[in-house]
Every structure is written in structure tokens, then in C-alpha cells.
Amino acid sequence: MCIRDSFNLALSSAQKGYWTDAEFHLDRALALIPHLPAPWRLAVKLALRQERWELAKERAQKGLQAAPEDAYLHRMADELAGLV
């Protein structure tokens, strides 16, 4: 399975509401491509959809370490800092 497959499977599972499956594939994608912002954005969105606020905050912060230029991760880190 290639790197893109892990991310696409995570995205597809998340869109269908298959949280456990999405988390599994997302973990693989993050392990393979931790420097790209897209998997981190999905990780934050997935945590938000599950109302796991602390996890979303943690993922936004880790995503910023990997992709400090990403505007979405900056916005989410700022918003979540005020909520959690």
C-alpha cells in the first residue's frame, strides 16, 4: 500500500463516519508522511467530528510543528486554545 492510499482510505472512512477505520488509516498516513499538512488537517477534523476537543488541540499543535506555514492548523490551534 502506498502513502497516498493510507491517506485516501482515512479520508473515505471519515466521510462515511467510520471513525475507527479512519483513525487506523490516519495513523499510518501520519507515520509515513508526518511533514505534510493534509493528514494533520484531517486528523484535527476527525477529532472535532468525534467531539474529542483535547485530541483536536493536540493534533493541531503537532501539525503546526510539522507544517508551520499551514493556515488551517494555525486557526484551529488558536480556536482550540480558547476552548480547551
Side-chain angles (χ1 to χ4, degrees):
M1 182 179 308
C2 74
I3 295 168
R4 186 177 36 228
D5 290 342
S6 293
F7 177 74
N8 288 336
L9 286 169
L11 181 60
S12 176
S13 294
Q15 290 171 336
K16 295 173 186 171
Y18 301 152
W19 310 131
T20 304
D21 193 54
E23 290 285 350
F24 172 80
H25 293 294
L26 184 59
D27 285 343
R28 292 192 63 175
L30 288 171
L32 294 168
I33 49 174
H35 58 284
L36 295 180
W40 288 109
R41 286 187 217 126
L42 179 59
V44 171
K45 291 175 186 178
L46 185 57
L48 290 172
R49 294 280 290 177
Q50 297 176 75
E51 298 182 0
R52 297 173 67 190
W53 315 120
E54 191 63 42
L55 179 60
K57 179 181 176 181
E58 179 184 314
R59 287 176 170 177
Q61 291 169 344
K62 285 184 180 180
L64 279 176
Q65 291 173 359
E69 74 289 346
D70 190 77
Y72 174 81
L73 294 172
H74 273 285
R75 190 176 77 240
M76 289 291 84
D78 290 344
E79 289 181 19
L80 290 165
L83 292 176
V84 182

Q: Mind checking the CG-CH2 spacing from Leu80 to Trp53? Nearest 0.5 Å is all I need.
A: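 Here the interatomic distance stands at 8.0 Å.
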
Q: Mind checking the NE2-CG spacing from His25 to Asn8? Nearest 0.5 Å is all I need.
A: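 Here the interatomic distance stands at 11.0 Å.
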
Q: Once side-chain contact (heavy atoms from CB on, under 4.5 Å) is applied, do any residues pair with Leu64, and if so which ones, sequence neighbours excluded?
A: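 In terms of side-chain contact (heavy atoms from CB on, under 4.5 Å), with neighbours along the sequence ignored, Leu64 is linked to Leu73, His74, Ala77.
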
Q: Quick one: does Arg59's side chain have a donor or acceptor within less than 3.5 Å of a partner on Ala43's backbone?
A: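 Between the backbone of Ala43 and the side chain of Arg59 there is a qualifying donor-acceptor contact (under 3.5 Å).
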
Q: With a 4.5 Å cut-off on side-chain heavy-atom distances among I, L, V, M, F, W and Y, is there a chain of contacts connecting Trp19 to Leu26?
A: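 Linked, Trp19 and Leu26 end up in one cluster.
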
Q: What salt bridge (charged side-chain N to carboxylate O under 4.0 Å, His left out) pairs are there with at least one residue in residues 12-22, not counting sequence neighbours?
A: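 Listed once each, the pairs would be none.
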
Q: Quick check: closest heavy atoms across Lys57 and Ala81, and the distance to 0.1 Å?
A: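 Heavy atoms only, the tightest pair is CE-CA, 4.4 Å.
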
Q: Mark yes or no for whether Ser13, through its side chain, and Leu9, through its backbone, hold a donor-acceptor pair below 3.5 Å.
A: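 Yes; at least one donor-acceptor contact below 3.5 Å.
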
Q: Quick one: list whatever passes side-chain contact (heavy atoms from CB on, under 4.5 Å) with Tyr72, sequence neighbours left out.
A: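 Counting only residues at least two positions away or on another chain, Tyr72 forms a side-chain contact (heavy atoms from CB on, under 4.5 Å) with Arg41, Val44, Lys45, Leu48, Asp70, Arg75, Met76.
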
Q: Say whether, by atom type as modelled, one donor and one acceptor occur between the side chain of Trp40 and the main chain of Ala60 under 3.5 angstrom.
A: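 Not a single qualifying donor-acceptor pair exists.
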
Q: Do you know which two heavy atoms are closest between Ala67 and Pro37, and how far apart they sit?
A: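 That would be CB-CB, 3.8 Å.
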
Q: Just verifying a value: how many Å separate Leu55 CG and Lys62 NZ, rounded to the nearest 0.5 Å?
A: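 Output value for this atom pair is 8.5 Å.
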
Q: Kindly compute the distance separating CG (Leu36) from CG (Leu42), expressed to the nearest 0.5 Å.
A: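 Rounded to the nearest 0.5 Å, the CG-CG separation comes to 13.0 Å.
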
Q: Please name the pair of heavy atoms, one in Ala14 and one in Ala22, separated by the smallest distance, quoted to 0.1 Å.
A: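 It is N-CB, 3.7 Å.
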
